[in-house]
Amino acid sequence: MCSKSNQYADRRRFLAAAGSGLALAVAGCAGGGSESPIPLDDGASVSFGMPSDGEACANGVLVHMTAENFRVEEAGTVNDNAGHYHVLIDTDPVAVGETVPSDDRHLHFGDGSDRTVLDLATGEHRLVLQAADGQHRALPLTDEVSVTVEEGSVSFGAPEDGATVTSPVRAAFETSENLTVRPAGQFAQRTGHFHVLVGADPVAVGDPIPSDDRHRHFGDGSTAADLDLDPGSYTLTLQMGDGAHLAMPDTDSVDVTVEG
């Protein structure tokens with residue numbers, strides 16, 4: 001693990017603008033020398049709580065964003081020393097004062113959220129956390145980590161695809177060796193808990209998995225369950241969620257017929 005306070009100190013250091021109370025970004029990728037579009041408090045900073053620099057991840061990169069001496073709020077209104085998070089993937093920070101783009105490499109969290117899951121290709125990736133004001137203008141508040149993404153998978157051990165079964169349907173859940181099942185509320189890379197989706201599409205990566213008859217949670221860390229299903233044909237989809245039930249990318253599906 002790296003010491004962010006040492007490695008990224010140049011991205012967090014600020015000078016008071018004479019007579020203005022505005023912070024200036026010091027030299028670095030984030031547009032050094034440009035004036036912040038809003039006043040920032042002394043010691044304002046953002047950082048990755050997860051992942052850690054150099055960490056190995058699989059079946060989704062769990063991200064937790066944190067702030068100190070800076071208020072995180074929804075986009076839309078510009079307030080002093082306040083804004084929201086963005087995660088930049090394999091690209092440099094946006095120059096201070098410029099509008100943060102919205103595309104596959106510039107992810108906005110204008111709802112004020114501080115957690116997500118990223119679906120990234122296997123290999124090395126550089127992630128940059130950058131705050132912006134209520135109008136999405138980049139602030140000189142950044143952090144950066146590098147991660148290695150490994151391939152991970154989940155699968156049904158039972159029932160078999162195409163099986164004819166009776167209710168309750170015994171289901172078993174399996175993972176690749178680089179994943180670990182942990183109860184909801186616990187957060188670590190390469191971990192999560194299972195959900196079975198009954199006749200429902202997989203949940204978009206990073207979105208909360210609903211809790212209802214079609215989205216069944218096993219937040220206790222179960223790797224097997226008895227599913228009560230009425231007679232009929234079903235597609236069952238297995239999907240992991242992180243400790244906050246945010247959807248992870250890898251899934252498995254089987255078709256079953258439940259006899260009456």
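Note that this is a predicted model, so its numbers are computed, not measured. Sequence positions, counted from 1, serve as the residue numbers for this chain. No hydrogens, no waters, no symmetry mates; every other heavy atom, side chains included, goes into these values.
Sorted by first and then second residue, the pairs that involve residues 72-89 and meet salt bridge (charged side-chain N to carboxylate O under 4.0 Å, His left out), not counting sequence neighbours, are Arg71-Glu73. Evaluation of the side chain to side chain donor-acceptor pair (under 3.5 Å) test over residues 193-202, restricted to residues two or more places apart or in two chains, returns His193-His195, His193-His245, His195-His217.
By the rule that hydrophobic residues join a cluster once side-chain heavy atoms approach within less than 4.5 Å of another member, Val145 and Leu62 end up as members of separate clusters. With hydrophobic clusters built from ILVMFWY side chains whose heavy atoms lie under 4.5 angstrom apart, Val181 does not share a cluster with Ile209.
Using a 4.5 Å heavy-atom threshold, the side chains of Cys57 and Leu120 count as separate. Looking at heavy atoms from C-beta onward, Arg170 lies out of side-chain contact with Val165 at the 4.5 angstrom threshold.
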Apply side-chain contact (heavy atoms from CB on, under 4.5 Å) to the pair Leu127 and Leu118, showing each step before the final yes or no.
CA-CA 10 Å; Leu127 304 180; Leu118 303 179; 4.1 Å; yes
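Here Pro168 pairs with Asp226, Asp228 under the side-chain contact (heavy atoms from CB on, under 4.5 Å) rule; sequence neighbours left out. Under the side-chain contact (heavy atoms from CB on, under 4.5 Å) criterion, Pro202 pairs with Thr237, Gln239, Thr251, sequence neighbours left out. With sequence neighbours excluded, the residues satisfying side-chain contact (heavy atoms from CB on, under 4.5 Å) with Pro208 are Leu246. Evaluation of the side-chain contact (heavy atoms from CB on, under 4.5 Å) rule for Thr191 yields Thr180, Arg182, Ala188 as partners, not counting sequence neighbours.
Note on ring orientation: taking the six-membered ring where Trp is involved, the planes of Phe173 and Phe194 are tilted (angle from 30° to 60°).
Within a 6.0 Å radius of CG in Asp255, other residues, nucleotides and ligands contribute more than 12 heavy atoms.
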